[in-house]
Participant: 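Take this structure, written in structure tokens, and hold onto it; I'll ask about it next.
Per chain, numbering begins at 1; letters A, B, ... match sequence-line order.
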Number of protein chains: 2
Amino acid sequence: MDGNGKKNTNRPVRVEDVARVAGVSPITVSRALSYPEKVKEDTRRKVAEAVAQTGYVVNSFASSLRSGRSSVVAVFSSNVRNPHFANVLLGCTEVLEDNGYQLLTARVGESAEEQRRLIASMTPFRPAAMLFTDLLKPELDRSIISSAGIPVVEMWDQRMDPIDMLVTMWEADAGRTMGRHFAERGFSRIAYAGLLFDRGRRRLEGFRAALKEVGRDCELVLSLTEGWQPDAGAAAFDEVLDRLPGCDAILFGSDILAAGALSAARRRKVNVPTDIAIAGFGDIPVAAHLDPPLTSLGVPSLEMGRKAGQMLLGKLRGREITERIVSFPAVLHARDSTAR
Amino acid sequence: MDGNGKKNTNRPVRVEDVARVAGVSPITVSRALSYPEKVKEDTRRKVAEAVAQTGYVVNSFASSLRSGRSSVVAVFSSNVRNPHFANVLLGCTEVLEDNGYQLLTARVGESAEEQRRLIASMTPFRPAAMLFTDLLKPELDRSIISSAGIPVVEMWDQRMDPIDMLVTMWEADAGRTMGRHFAERGFSRIAYAGLLFDRGRRRLEGFRAALKEVGRDCELVLSLTEGWQPDAGAAAFDEVLDRLPGCDAILFGSDILAAGALSAARRRKVNVPTDIAIAGFGDIPVAAHLDPPLTSLGVPSLEMGRKAGQMLLGKLRGREITERIVSFPAVLHARDSTAR
DNA sequence: GTGAAAGCGCTAACAC
DNA sequence: GTGTTAGCGCTTTCAC
């Protein structure tokens with residue numbers, strides 16, 4: 001029934017039980033498990049045997065309560081269906097789990113009030129550090145975070161005043177890179193479609209700034225509020241063609257939207273890129289395999305997640321922090337969808 | 001500095017402090033917070049004020065240690081970059097977080113030994129329930145899970161003997177559905193390419209069984225072991241064309257692989273579906289927007305994640321479990337990529 | 001290198 | 001409806 005040799009009494013095994021079996025005191029068991037180097041080789045072996053025999057598992061609640069130390073990192077994450085965020089999560093999980101930390105996850109929350117509530121729901125666990133894999137709302141009172149006095153990494157923020165540390169990509173730079181690409185290609189009647197909150201707005205600003213440098217502009221901006229799936233991109237494509245006749249290039253806020261637009265173009269027998277060029281954002285794996293292959297800006301989200309984890313880890317280990325703000329560059333992948 | 005009015009001493013605020021301010025005993029504070037209905041309206045108000053004034057936050061470690069209750073659900077999840085798993089995670093997070101549970105996440109692990117290690121790393125937290133969003137290895141000694149004596153949901157398993165509860169989709173049925181579709185379309189030289197572990201193998205078995213019913217078979221099976229990204233699909237497409245001349249239909253283990261194959265077909269000027277039909281698995285959002293739109297089997301992963309969360313919740317609340325095994329059907333989306 | 005005593009902060013059990 | 005006492009299981013502190 002019970003291959004572990006665990007006792008059949010309902011009472012869980014405690015250090016005391018292990019101590020009795022090993023013929024040592026409880027504190028020695030504790031030390032043998034937490035600081036093996038502080039215990040004689042022989043004692044260590046006896047304790048290990050007793051642990052195996054009794055099936056002992058430490059109780060984190062008791063351990064953390066007494067020691068005041070916690071191996072929990074609170075991670076606030078948003079929509080994992082967005083490949084960006086999935087990559088970030090993967091990257092930071094890798095780093096933190098491999099270093100003995102447990103991840104307590106919560107949604108990041110969509111309104112300032114919801115964010116406050118979710119952060120408050122984590123504080124009883126006294127996490128050792130916090131990681132926000134998506135933007136905090138500007139309206140949020142950040143003192144509830146900073147007052148915890150623990151290492152904190154925010155991500156994607158566009159400002160220079162993080163609570164503690166920041167891993168980001170400057171959206172305006174990314175937008176500018178794409179704007180220059182559009183300028184080089186000589187597109188003249190240009191549209192943009194995407195979400196226009198925080199990051200999207202900054203990206204659009206950079207995009208327009210680069211166009212203005214060569215005397216052009218983004219003549220139509222579609223602010224998508226509902227939907228980020230391909231259908232929304234297809235609908236946006238139709239709307240652009242209606243509202244901006246002669247439009248020869250559209251930048252979308254994401255590759256998913258752009259993929260929808262490519263399919264709408266096929267349906268309407270509009271040739272991409274000859275009739276109209278299309279570009280996206282994020283460089284998801286299928287981008288290079290769409291028809292035509294989609295020009296996109298790649299975001300090193302996996303590396304960003306890893307970096308966030310490493311920064312927390314560094315601070316948890318008391319290393320001096322040299323860079324509080326780390327920004328990653330977006331990389332242009334020019335493909336056929338914007339060819340000339 | 002501290003808008004919460006929290007004291008500046010380093011000692012954290014305890015129930016005792018709140019009790020003093022409110023003019024009641026510690027246990028009354030505890031009750032006012034955990035069982036408000038057991039406390040007079042007036043007392044409740046005084047406690048609430050004292051909590052606000054002191055900035056008190058309960059210490060989960062102490063609370064759980066004493067009460068023996070835990071609000072933590074351990075979730076073992078795999079590659080969130082796979083849209084299936086991202087959806088599952090999203091679904092169960094929704095349900096569990098909205099009902100007061102905190103999610104402690106770990107990777108599910110790739111080998112039986114790693115799985116054992118990761119599960120063991122969660123047990124010190126005495127979770128109230130466990131959820132495995134991906135398969136457990138058959139070699140894993142499951143007694144370490146069942147001996148915890150808590151509600152457990154496994155997902156995707158193809159057997160009928162879960163540790164406790166199971167949310168799954170019968171891969172063989174799904175494969176059969178696709179096999180019948182291929183049979184109806186009259187394809188005759190058929191290939192399969194995908195991962196052939198656990199789930200993929202069962203799916204292929206169903207696929208072949210349906211083909212055999214009409215006197216056909218899957219003549220070439222490519223076992224992909226490295227890579228599930230589009231490039232691997234493109235390479236598999238090339239290999240099939242080399243090794244099975246006259247092949248008129250390929251089923252891929254995922255839509256991502258199939259998307260890569262579609263792009264390889266374009267590169268080689270092979271027409272889909274006239275020259276060769278292609279189908280995938282998973283019905284990711286872009287599937288309907290590829291060129292041609294991709295035939296795929298949709299898996300209701302978001303609902304499956306929600307269901308898993310609800311089943312755990314039901315058992316945690318002591319409700320009688322009526323169905324220990326819940327299976328969801330895969331839905332065929334026949335699109336142009338397998339048209340005749 | 002090991003042990004004895006104490007206490008982390010909370011809430012169960014029981015009393016009133 | 002509220003209070004008193006005790007103890008959850010561990011690890012700190014100090015002693016040897």
Side-chain angles (χ1 to χ4, degrees), chain A residues 6-7 9-48 50-51 54-72 123-128 148, chain B residues 6-7 9-48 50-51 54-72 123-128 148:
Chain A
K6 190 172 4 183
K7 290 208 199 89
T9 62
N10 285 328
R11 191 169 60 70
V13 181
R14 306 192 306 267
V15 266
E16 198 189 316
D17 304 314
V18 180
R20 202 177 312 113
V21 172
V24 295
S25 73
I27 184 60
T28 301
V29 173
S30 172
R31 277 199 276 255
L33 297 174
S34 299
Y35 308 94
E37 73 283 2
K38 293 195 172 181
V39 154
K40 260 202 312 196
E41 167 71 43
D42 184 53
T43 315
R44 200 159 47 204
R45 214 203 55 249
K46 279 192 293 187
V47 169
V51 165
T54 52
Y56 173 73
V57 175
V58 68
N59 182 325
S60 290
F61 297 132
S63 168
S64 285
L65 173 60
R66 181 62 246 234
S67 69
R69 272 181 266 106
S70 156
S71 64
V72 166
T123 52
F125 289 92
R126 313 288 150 115
Chain B
K6 194 184 336 189
K7 292 209 198 88
T9 61
N10 285 329
R11 191 171 58 72
V13 182
R14 308 192 305 266
V15 266
E16 198 189 318
D17 304 314
V18 179
R20 202 177 313 111
V21 172
V24 296
S25 75
I27 185 66
T28 301
V29 172
S30 173
R31 276 198 277 255
L33 297 174
S34 298
Y35 308 95
E37 71 285 2
K38 294 193 172 182
V39 155
K40 259 201 315 196
E41 166 72 43
D42 185 52
T43 315
R44 199 158 49 207
R45 215 204 54 248
K46 278 191 293 187
V47 169
V51 165
T54 53
Y56 173 71
V57 175
V58 68
N59 182 326
S60 290
F61 298 131
S63 168
S64 285
L65 174 60
R66 179 63 243 234
S67 69
R69 272 181 267 106
S70 156
S71 64
V72 166
T123 51
F125 289 92
R126 311 290 149 113

Participant: Working to the nearest 0.5 angstrom, can you tell me the gap between A:R69 CZ and A:S34 OG?
Facilitator: 7.5 Å
Participant: Do B:R126 side-chain and D:dG9 base share a donor-acceptor contact under 3.5 Å?
Facilitator: no
Participant: On a plain distance test, is the side chain of A:R66 in donor-acceptor contact with the base of C:dG9 below 3.5 Å?
Facilitator: no
Participant: Could you state the interatomic distance from CZ (B:R14) to CG (B:N59), rounded to the nearest 0.5 Å?
Facilitator: 11.0 Å
Participant: Can you measure B:I27 atom CD1 to D:dA6 atom C1' for me and round it to whole angstrom units?
Facilitator: 12 Å
Participant: Closer to the 5' end of DNA chain D via nearest nucleotide, is it B:V24 or B:A62?
Facilitator: B:V24
Participant: In whole angstroms, how far is the P atom of C:dA5 from the CD atom of A:E16?
Facilitator: 14 Å
Participant: Figure out the CZ/P separation between A:R20 and D:dC10, and round it to whole Å.
Facilitator: 13 Å
Participant: Could you check whether B:T43 gets within reach of a base, just the sugar-phosphate, or nothing at all, counting any heavy atom under 4.0 Å?
Facilitator: sugar-phosphate
Participant: Once you apply a heavy-atom cut-off of 4.0 Å, does B:R69 come out as touching a base, just sugar-phosphate, or nothing?
Facilitator: sugar-phosphate
Participant: Using whole Å, report how far CG of A:D42 lies from P of C:dG1.
Facilitator: 13 Å
Participant: If each of B:S30 and A:S67 is mapped to the nucleotide of DNA chain C with the nearest heavy atom, which maps nearer the 5' terminus, i.e. the 5' end?
Facilitator: A:S67
Participant: From the list D:dT2, C:dG3, D:dC10, which nucleotide is the closest neighbour of the side chain of A:R14?
Facilitator: D:dC10
Participant: Within this structure, what is the CD-to-C1' distance between B:E41 and D:dT2, rounded to whole angstrom?
Facilitator: 16 Å
Participant: For C:dG3, does OP1 or OP2 lie under 4.0 Å from any side-chain N or O of A:S25?
Facilitator: yes
Participant: May I have the distance from A:N59 (atom CG) to C:dC8 (atom P), rounded to whole angstrom?
Facilitator: 18 Å
Participant: Toward the 5' end of DNA chain D, which comes first, B:L65 or B:G23, by nearest nucleotide?
Facilitator: B:G23
Participant: Whole angstrom is fine here: how far is it from NZ in B:K40 over to C1' in D:dG3?
Facilitator: 14 Å
Participant: Respond yes when some side-chain nitrogen or oxygen of A:Y35 is under 4.0 Å from OP1 or OP2 of C:dT2, and no when none is.
Facilitator: no
Participant: Over all heavy atoms of both residues, which pair between B:S70 and B:F125 is shortest? Give the atoms and the distance, please.
Facilitator: OG-O, 4.1 Å
Participant: Quick check for you: among D:dG3, D:dT11, C:dG3, whose closest atom lies nearest to any side-chain atom of A:T28?
Facilitator: C:dG3
Participant: How close or far is atom P of C:dG1 from atom CG of A:L33, stated in whole angstroms?
Facilitator: 17 Å
Participant: Should A:R126 and A:V72 count as side-chain neighbours, where that means a heavy-atom distance under 4.5 Å?
Facilitator: no
Participant: Enter the distance from A:R31:CZ to A:R44:CZ here, rounded to the nearest 0.5 Å.
Facilitator: 13.5 Å
